[in-house]
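Here the structure comes first, spelled out in structure tokens, and everything after it is commentary.
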Amino acid sequence: MLRDPQSVDVSLEPLDEYLVVQPVSDETETRAGLILPASAAAAAACRTGIVTAVGSDVTGVEPGEKVLYPREAGFEVRIGGFEVRILKRADLIARVHD
């Protein structure tokens with residue numbers, strides 16, 4: 001689970017098969033302790049994020065879970081100064097367990 005995630009303080013209720021994901025920073029640290037900047041991760045085909053809300057038809061995913069999704073999937077929305085993605089449940093690739 002992500003430590004100290006910034007949460008969206010605006011109510012955004014996805015409908016039907018949609019869900020809201022708050023992207024996790026692309027800057028990562030390798031097991032060896034090297035920090036990869038976001039610019040290096042921009043070439044990756046996938047991103048990770050935390051599910052913040054799910055629509056009524058979404059199954060198998062709950063708010064608070066970390067997921068993997070294609071970089072270009074869904075719709076980017078800025079709400080309350082935070083970037084979130086609105087995705088269809090079918091766009092999710094996997095659950096991430098840290």
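Positions are given from 1 along the sequence. The basis for the numbers below is simple: all heavy atoms, side chains too, and nothing from hydrogens, waters or symmetry mates.
- When every heavy atom of Ala53 is checked against every heavy atom of Pro14, the shortest pair comes out as CB-CD, 3.6 Å.
- Atom CZ of Phe75 and atom CG of Leu87 lie 9.5 Å apart (nearest 0.5 Å).
- In this structure the side chain of Ile93 reaches within 4.5 angstrom of the side chain of Pro70, judged on heavy atoms.
- Under the 4.5 Å side-chain criterion, counting only non-hydrogen atoms from C-beta, Leu19 is in contact with Arg89.
- To the nearest 0.5 Å, atoms CD1 (Ile79) and CD1 (Ile86) are separated by 6.5 Å.
- Sorted by first then second residue, the salt bridge (charged side-chain N to carboxylate O under 4.0 Å, His left out) pairs that include residues 11-22, not counting sequence neighbours, are Glu17-Lys88.
- For Pro23, the side-chain contact (heavy atoms from CB on, under 4.5 Å) partners are Arg47, Tyr69, Glu83, Arg85, not counting sequence neighbours.
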Take Val67 and Thr48 through the test side-chain contact (heavy atoms from CB on, under 4.5 Å) and record every step on the way to the result.
CA-CA 5 Å; Val67 293; Thr48 58; over 6 Å; no

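- Inter-residue side-chain proximity for Val24 and Ile50 is flagged as met; some heavy-atom pair is nearer than 4.5 Å.
- Under the 4.5 Å side-chain heavy-atom criterion for ILVMFWY residues, no single connected hydrophobic cluster contains both Tyr18 and Val54.
- For the pair Val21 and Thr52, the minimum side-chain heavy-atom distance is 4.5 Å or more.
- In this structure, the separation between CG on Leu92 and CG on Leu68 is 9.0 Å, given to the nearest 0.5 Å.
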